[in-house]
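First the structure, in the form of structure tokens, and then the observations on it.
For clarity, every value in this text was computed on a predicted model and none was experimentally measured.
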Amino acid sequence: MDKLKTIFIYLTPFILLVIALFISIGPDFYRLRITPAGKTFPLVHNHITDYYYYLSLMHQGYEGNWLLTSRMTPEEFKPVFAQTFFALLGHIARVFHLSLVTVYFISRIVSAVLLMLVVILVVRKLFEKKRHIILACLLVFFSTSFWTISYSSGHFSISQFLSFWTRMDTILRTTYLPHHILSTTLGLLSIWFLGESLDKRGIKNTILAGICGSLGGFIYFASMANIIGGVAIAFIIFFIPIVMRQKRFLTFLPHFFIYFAICSMAFFYLLGLARTTFPWSTYTTAGERFTFGFFVREYIGGLGPTLILTILGIPAILSDKKWLPKLLFGWVIFPFIGLLFISRIFWQFADIYYLEAASYIPLGILSVYGWKTLEVKVFKKIRGSSVILTIVLLLYFVPPIITSFQTELARYSPYYYNLYIPNEALDGIKWLDTYTPKESVVLAGGYFGAIIPAFSHDRVVYGHPANTYRSAEKSETVNLFFAQNDVNKAAQIIKRYNVSYIFYGPDTDPPNEKFLNGLGISQAYVNNIIKIFKVIQ
């Protein structure tokens, strides 16, 4: 019996991992189940146009490319070595004869499992007692923000702080955006290796830390920027005072120098890329386009109870002889520095970047220090206090998790034809991929303009608000053309953007024969849902 109990305790973190994973992908299976007959649900789980943009990058990898560009715009910009994570997924899909949708979905699961395994690795490094290891995993995998109850129209509802941001949502964050998750995983590994190098003075681990950090920054710079910023904060407020007092400054300084030097390689590369051509040049304006203007108190509310436990544990964190807790604490602090100072001085480093810090990870781990403090100083003489406190905390997490799950189930209606795509529309896009010259320009409506590059090798006039060059202008152009009331302007649009095919789908009015006859085009493909016309040069 004792042996079974021991095995169960050792397996508990992995059981929690599986539960968190299935809760996160549960809505995807529900949406698959409610897919109407004659339609396909391509496992959309995030912002719709972003999702199809990722698939369009994967499609380029599927074709054998490692250098990528945007096909959401008619202009041909030079492909570069960027967003290589998606190129790799495309290559994997081709090698294993899998659909892009399937490979993307698998990548969500794999990246989530990798992150949670690294979390387990870290907490086993920091804590000796099994209950503390289990608690840390529980808090990282299931912690929520603070929440409030409101009453309206005869119904009670639960609302969380910053619920609009996916990385703050317990249900979604587990498998949301595989490149974000993988970047965070590499970032966590990087500070784990750095902590090892500082504890043992091993330069090998420092180099490994830098390599992990650089790869994480290359895959997704925002997640890794918060972690590197956290290391810098830890260096300033913890390491400098300690090593100066102990007169061992030169012992530790090379480790930080090597770490920052290697990590910065990815950021310098991306910065240089942002000074080149579209769509990579949009990195410099992302802060301006995605600023939400929330208050710091709202960010604190979004962090939830684990922030309180971490604050209670600060003395224990500082007294721990290992360096890793201090690095994790720097990770927690940096977004506050960013929101209070950096984003107010440098507009290009807006609040969106600090929401990508994934602070729930260091907070969930460091909460255990606060928990241990409560055990020793408050609940030491109360029998079963740890169990009671755990149950109370879990009960607090359950309502917002349920609310989030219910919201996610109802998020995508099966009547949205850019989410539940008619099979005949996909047949038309497959025809484009099979019978049109590579990178032909297709003029399509606003919804299918995003879908066509995801499932074919063609470009579109307008497909994405950020990854279409001069997107506002192109969006107006598309609307003007499909209004079908000005043949002369329509002809100018075709010529200006070198359009080869015109795609009429559910997001456009039916083709007007009189209008089309004036353009000199011919019907190339037709079924019950869509009509494709070829422009006669």
Side-chain angles (χ1 to χ4, degrees), residues 7-30 32 43 45-46 51 54 58 84-86 88-93 95-96 98-127 130 133-144 166-193 208 212-213 215-216 218-220 223-224 227 328 356-365 397 401 404-405 408:
I7 293 173
F8 177 77
I9 291 173
Y10 273 102
L11 287 178
T12 299
F14 301 99
I15 296 172
L16 294 174
L17 181 158
V18 172
I19 293 172
L21 184 64
F22 273 94
I23 290 176
S24 185
I25 62 176
D28 298 292
F29 290 111
Y30 170 76
L32 275 175
L43 292 171
H45 74 111
N46 62 305
Y51 178 75
Y54 300 147
M58 288 175 62
T84 311
F85 172 78
F86 295 107
L88 175 62
L89 293 185
H91 282 274
I92 291 172
V95 170
F96 291 97
L98 297 171
S99 71
L100 300 180
V101 169
T102 300
V103 172
Y104 184 91
F105 183 72
I106 292 173
S107 75
R108 290 174 54 198
I109 295 173
V110 171
S111 58
V113 170
L114 286 175
L115 176 56
M116 290 188 279
L117 288 176
V118 174
V119 168
I120 293 172
L121 172 71
V122 170
V123 299
R124 284 189 168 181
K125 169 71 177 178
L126 292 178
F127 309 115
K130 300 300 181 295
I133 293 173
I134 294 170
L135 178 64
C137 294
L138 190 71
L139 293 173
V140 172
F141 300 163
F142 300 102
S143 64
T144 70
T166 312
R167 292 273 262 186
M168 309 291 281
D169 185 284
T170 310
I171 294 293
L172 298 178
R173 73 190 183 203
T174 303
T175 58
Y176 187 78
L177 297 187
H179 60 303
H180 290 203
I181 300 171
L182 186 57
S183 173
T184 305
T185 304
L186 289 166
L188 182 55
L189 264 179
S190 77
I191 60 174
W192 185 82
F193 279 122
L208 288 173
C212 286
L215 286 174
F218 178 69
I219 291 171
Y220 182 59
S223 296
M224 195 61 217
I227 295 173
L328 291 169
E356 287 293 340
S359 297
Y360 71 94
I361 295 172
L363 284 173
I365 296 170
F397 293 156
I401 289 176
S404 174
F405 194 81
E408 189 62 17

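For S359, the side-chain hydrogen bond (donor to acceptor under 3.5 Å, both in side chains) partners at least two apart in sequence or on another chain are Y299.
Interatomic distance, CD1 of I106 versus CD1 of I92, reported as 9.0 Å (0.5 Å rounding). Put simply, CD1 on I365 and NZ on K125 are 13.5 Å apart, with the number rounded to the nearest 0.5 Å. The distance from atom CG of L215 to atom CG of L186, rounded to the nearest 0.5 Å, is 6.0 Å. Rounding to the nearest 0.5 Å gives a distance of 7.5 Å between CD of E356 and CG of L177. Separation of atoms CG (L139) and OG1 (T144) is listed at 10.5 Å; rounding is to 0.5 Å. How far CZ of F22 is from CG of L17: 10.5 Å, rounded to the nearest 0.5 Å.
The closest side-chain heavy-atom distance from W192 to V118 is not below 4.5 Å. R167 is listed as a side-chain neighbour of T184, based on a closest heavy-atom distance under 4.5 Å. Looking only at side-chain heavy atoms (C-beta outward), D169 and Y360 stay at 4.5 Å or farther from each other. Put simply, the side chain of P13 reaches to within 4.5 Å of the side chain of I134, judged on heavy atoms. At least one side-chain heavy atom of I120 sits under 4.5 Å from a side-chain heavy atom of C137. Within the 4.5 Å cutoff, the side chain of F127 has no heavy atoms near those of the L135 side chain. Side-chain contact between R108 and D28: present, with at least one pair of heavy atoms (C-beta onward) separated by less than 4.5 Å. Side-chain atoms of F142 and L16, non-hydrogen and from C-beta on, do get closer than 4.5 Å to each other.
Y54 and H179 have perpendicular rings, their planes meeting at more than 60° on a 0 to 90° scale where under 30° would count as parallel.
Minimum interatomic distance between R173 and V140 (heavy atoms only, all atoms of both residues): NH2-O, 3.1 Å. The minimum heavy-atom distance between S190 and M224, with the atom names listed, is OG-CE, 3.6 Å. Heavy atoms only, all atoms of each residue included: A93 and S99 are closest at CB-O, 4.3 Å. For R124 against I133, the heavy-atom pair with the smallest separation is CG-CD1, 4.0 Å. Closest heavy-atom contact between G216 and S183: O-OG, 2.8 Å.
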Evaluation steps, side chain to side chain contact (heavy atoms under 4.5 Å, CB included), between L328 and L126: CA-CA 11 Å; L328 291 169; L126 292 178; 3.9 Å; yes

- request: Could you give me the CA-CA distance, side-chain angles and deciding distance for T84 and F218, then say whether side chain to side chain contact (heavy atoms under 4.5 Å, CB included) is met?
  value: CA-CA 9 Å; T84 311; F218 178 69; 3.4 Å; yes

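The closest donor-acceptor contact from the side chain of T170 to the backbone of S143 lies under 3.5 Å. In this structure a side-chain-to-backbone donor-acceptor pair under 3.5 Å is present from T185 to I181.
The one candidate from T174, T175, L43, I171 that meets the side chain to side chain contact (heavy atoms under 4.5 Å, CB included) condition with I25 is T175.
A centroid separation of less than 6.0 Å is found between the aromatic rings of Y104 and Y51.
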